[in-house]
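In this chain, residues are counted from 1 in sequence order. One-based numbering, in listed order, for ligands and for the atoms of each.
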Amino acid sequence: MSISQAGSAAPSHEELRRWDRERVWHPFTQMAEYEPFIIERAEGCTLIDIDGRRLLDGVSSLWCNLHGHCRPEIDEAIKTQLEKTAHVTALGQSNPTTIQLAQRLTTLAPDGLTRAYFSDDGSTAVEVALKMAFQYWQQRSDPRPRKQKYVAFANAYHGDTLGSVSVGGVARFHAMFHPLLFEVLRAPSPDTYRRPPGVSREQACEYYLAQLETLLADNADEIAALVIEPLLQAAAGMVRHPEGFLRGVRELTKRYDVLLIADEVAVGCGRTGTMFACEQEQVSPDFLCLAKGLTGGYLPLAATLTTDEVWNAFLGTYAESKSFFHGHTYCGNPLGAAAALASLRIFEQDRTLEQMQPKIARLSAHLARMAEHPHVGDVRQCGLIGAVELVRDKATAEPFPWDEKRGMRVCDYALTQGVWLRPLGNVLVILPPLAIQLEELDQICHAVEQGIAATI
Ligand SMILES: Cc1ncc(COP(=O)(O)O)c(C=O)c1O
């Protein structure tokens with residue numbers, strides 16, 4: 001055994017690459033084709049690999065980094081917490097940092113979201129909301145025990161645990177697990193680009209709401225909750241919903257007595273230009289799920305916010321067993337909570353939402369230019385989320401075959417320009433940290449544009 005294998009000296013780059021290829025199983029990655037790509041450090045919006053190569057982070061470390069990497073304020077907050085304690089269980093115990101985060105989040109959140117349940121990641125935030133909604137109907141003062149089903153949208157993505165996969169609708173990821181999943185009532189994806197024949201963009205909102213209303217009207221007595229990614233379906237390819245759709249969904253769920261779960265894992269925490277995406281349509285859901293950017297992209301922490309109405313259904317004596325019997329070892333971890341509080345302070349100190357406005361406008365200008373390309377079928381934007389969909393035929397929106405890896409090819413080109421991106425199939429995603437500078441945003445967009453020109 002060499003010294004480095006025994007762990008007493010730093011491994012060589014070659015060893016790291018070999019171990020990475022042979023020992024580490026990467027998520028959503030074909031390991032037979034995996035080429036090690038090892039980031040050692042990061043500064044601001046730049047990632048630095050073990051060879052010292054500098055890459056602009058065009059996708060915010062998978063959609064979670066907000067204020068740049070190594071922000072001194074967040075680093076300090078974590079260190080300060082670390083000097084107190086790294087872990088306090090949330091099962092029957094608490095800690096000052098997590099309490100303050102609950103207080104802060106419920107103050108910032110849309111009206112009525114007064115209670116915060118903390119877990120670890122986006123999937124668990126959704127899983128918690130699904131289970132709470134189920135249990136709510138079973139044990140509220142006027143129980144409705146038949147309400148056990150969920151409504152979700154085609155092409156939805158809510159995470160990878162079995163409950164969140166059940167409500168998910170991306171066949172490529174989810175079809176394999178079908179025998180393990182619970183049944184879900186599926187509404188059509190409220191897609192403004194690929195619409196049913198004869199439905200114009202202007203008619204799309206009304207059309208999709210009418211479809212949903214039929215589903216709710218026919219099944220309301222059995223539906224516990226509807227789960228939606230507000231404003232856009234992220235993993236589906238940043239699929240934009242028609243304006244007014246979310247508001248319509250809120251109205252319908254109220255009318256048919258169905259709880260509304262807003263999964264803001266991807267779109268929350270400032271990403272769309274407001275702190276919460278629901279604000280853009282003046283919607284207060286019954287559950288709001290947050291993760292990804294909650295800690296500024298530093299540590300795993302998630303929150304499921306809910307209402308007094310839901311909370312009250314879980315109150316009773318110990319003997320009544322009405323508690324929420326769900327919890328994870330690291331629920332409400334104080335290091336994550338310290339990072340989240342520091343991130344929220346940066347929003348105020350840097351006036352992040354205001355500072356985003358020129359960046360959002362600059363992204364729009366870049367996307368408008370890219371839309372002219374003969375193989376760009378659609379460009380989509382929501383705040384600092386940009387998407388460019390590559391198609392074989394612009395007139396019919398016929399996609400390029402999946403296995404041609406068109407998106408990946410553009411991203412490989414972007415790497416040669418010092419920009420790291422990760423596509424969603426044929427959809428190029430531009431989702432930089434909110435702290436991106438205008439020149440950096442230009443560099444990212446130019447890399448995408450040149451990548452399209454070079455590879456399509
Ligand atoms: C809308 C949405 N919900 C849930 C998740 C799952 O989050 P996590 O990967 O943190 O479990 C994601 C992840 O991309 C997401 O986009």
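- The closest side-chain donor-acceptor pair between D350 and H67, if any, does not fall under 3.5 angstrom.
- Using modelled atom types, one side-chain atom of Q81 and one backbone atom of T85 make a donor-acceptor pair closer than 3.5 Å.
- Not a single ring pair (Phe, Tyr, Trp, His ring centres under 6.0 Å) links Y136 to another residue, sequence neighbours left out.
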Show me a pair-per-line table, with atom names and distances to 0.1 Å, of protein N or O atoms that are under 3.5 Å from an N or O of ligand 1.
from, atom 1, to, atom 2, distance (Å)
ligand 1, 3 (N), D263, OD1, 3.2
ligand 1, 3 (N), D263, OD2, 2.6
ligand 1, 10 (O), G122, N, 2.8
ligand 1, 11 (O), G122, N, 3.4
ligand 1, 11 (O), S123, N, 2.8
ligand 1, 11 (O), S123, OG, 2.6
ligand 1, 14 (O), K292, NZ, 3.4

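- No hydrogens or angles considered: nothing links the side chains of H158 and S123 as a donor-acceptor pair under 3.5 Å.
- Nearest heavy-atom pair across I38 and D20 is CG1-OD2, 4.0 Å.
- H241 has its ring centre no less than 6.0 Å from the ring centre of Y208.
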